[in-house]
Amino acid sequence: MADECLFCRIVRREIPATVVAETDECVAFCDINPQAPVHVVIVPKVHVASLNEATDAATIGGLALLAADIAKREGIAESGYRTVINTNADAGQTVFHVHLHLIGGRRMTWPPG
Ligand code: 5GP
Ligand code: ZN
């Protein structure tokens with residue numbers, strides 16, 4: 001855990017968020033600036049700055065599996081959804097605690113911007 005990290009603080013419930021799921025390893029909450037009808041951010045409870053620093057397969061894999069669970073629960077698993085991990089500047093990472101975006105509920109374009 002990092003004292004000043006925004007997502008660590010959400011994990012510790014020091015900053016309010018709409019938590020939609022929690023496992024032993026991960027917390028999932030609604031994005032404060034949603035880009036689609038469903039936009040959930042899924043983070044590991046342990047502080048890892050970005051995918052570049054990740055070493056534990058279960059930590060990263062757990063994000064994806066929880067995303068699929070939430071997608072099913074939200075009713076977008078069949079229609080489709082996107083999962084994204086932004087890493088560093090060119091991808092637009094703004095919070096340096098690794099996280100997976102679950103985005104769905106509308107048709108998306110490819111390639112992404
Ligand atoms: P990134 O740009 O790093 O891939 O994604 C960070 C995401 O965190 C953005 O989509 C942003 O809207 C979201 N975010 C930033 N601050 C907060 C916050 O305080 N609460 C919540 N729920 N989401 C946040
Ligand atoms: Zn953190």
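From a predicted model like this one, the values you see are computed outputs, not experimental measurements. When a ligand or atom number is given, it counts from 1 through the structure's own listing order.
The local environment of CG in Asp90 is sparse, with at most 12 non-hydrogen atoms from other residues, nucleotides or ligands closer than 6.0 Å.
In terms of distance to the Zn ion (ligand 2), the nearest N, O or S atom of His97 is named ND1. Counting just the N/O/S atoms of His47, the one with the shortest distance to the Zn ion (ligand 2) is named ND1.
For the pair His39 and Ile103, the tightest heavy-atom approach, listed with the atom from each and the gap, is CD2-CG1, 3.9 Å. Shown here for Thr87 and Ser50, the closest heavy-atom pair between the two residues is CG2-OG, 3.9 Å.
Classification of the Phe7-His97 ring pair by plane angle, with boundaries at 30° and 60°, yields perpendicular.
Side chain of Gln93 to main chain of Val95: a donor-acceptor pair is present (N/O by atom type, distance under 3.5 Å, no hydrogens or angles).
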Per-pair distances, ligand 1 N/O vs protein N/O, less than 3.5 Å:
residue: ligand 1; atom: 2 (O); partner: Gly92; partner atom: O; Å: 3.1
residue: ligand 1; atom: 2 (O); partner: Thr94; partner atom: N; Å: 3.4
residue: ligand 1; atom: 2 (O); partner: Thr94; partner atom: OG1; Å: 3.0
residue: ligand 1; atom: 3 (O); partner: Thr94; partner atom: N; Å: 2.7
residue: ligand 1; atom: 3 (O); partner: Thr94; partner atom: OG1; Å: 3.2
residue: ligand 1; atom: 3 (O); partner: Val95; partner atom: N; Å: 3.1
residue: ligand 1; atom: 3 (O); partner: His99; partner atom: NE2; Å: 3.0
residue: ligand 1; atom: 4 (O); partner: Asn86; partner atom: ND2; Å: 2.9
residue: ligand 1; atom: 4 (O); partner: His99; partner atom: NE2; Å: 2.9
residue: ligand 1; atom: 4 (O); partner: His101; partner atom: NE2; Å: 2.8
residue: ligand 1; atom: 5 (O); partner: His99; partner atom: NE2; Å: 2.9
residue: ligand 1; atom: 5 (O); partner: His101; partner atom: NE2; Å: 3.2
residue: ligand 1; atom: 10 (O); partner: Asp31; partner atom: OD1; Å: 3.2
residue: ligand 1; atom: 10 (O); partner: Asp31; partner atom: OD2; Å: 2.5
residue: ligand 1; atom: 12 (O); partner: Asp31; partner atom: OD1; Å: 2.5
residue: ligand 1; atom: 22 (N); partner: Cys30; partner atom: O; Å: 2.9
residue: ligand 1; atom: 23 (N); partner: Ile32; partner atom: N; Å: 3.3

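Pairs of residues two or more places apart, or lying in two chains, that qualify as salt bridge (Lys or Arg N to Asp or Glu O under 4.0 Å) and include a residue from residues 22-44 are Arg13-Glu22, Glu22-Lys45.
Here the angle at the Zn ion (ligand 2) defined by SG in Cys8 and SG in Cys5 stands at 120°, rounded to 10 degrees.
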Give the intermediate values and the outcome of side chain to side chain contact (heavy atoms under 4.5 Å, CB included) for residues Asn86 and His101.
CA-CA 9 Å; Asn86 293 320; His101 296 261; 3.6 Å; yes

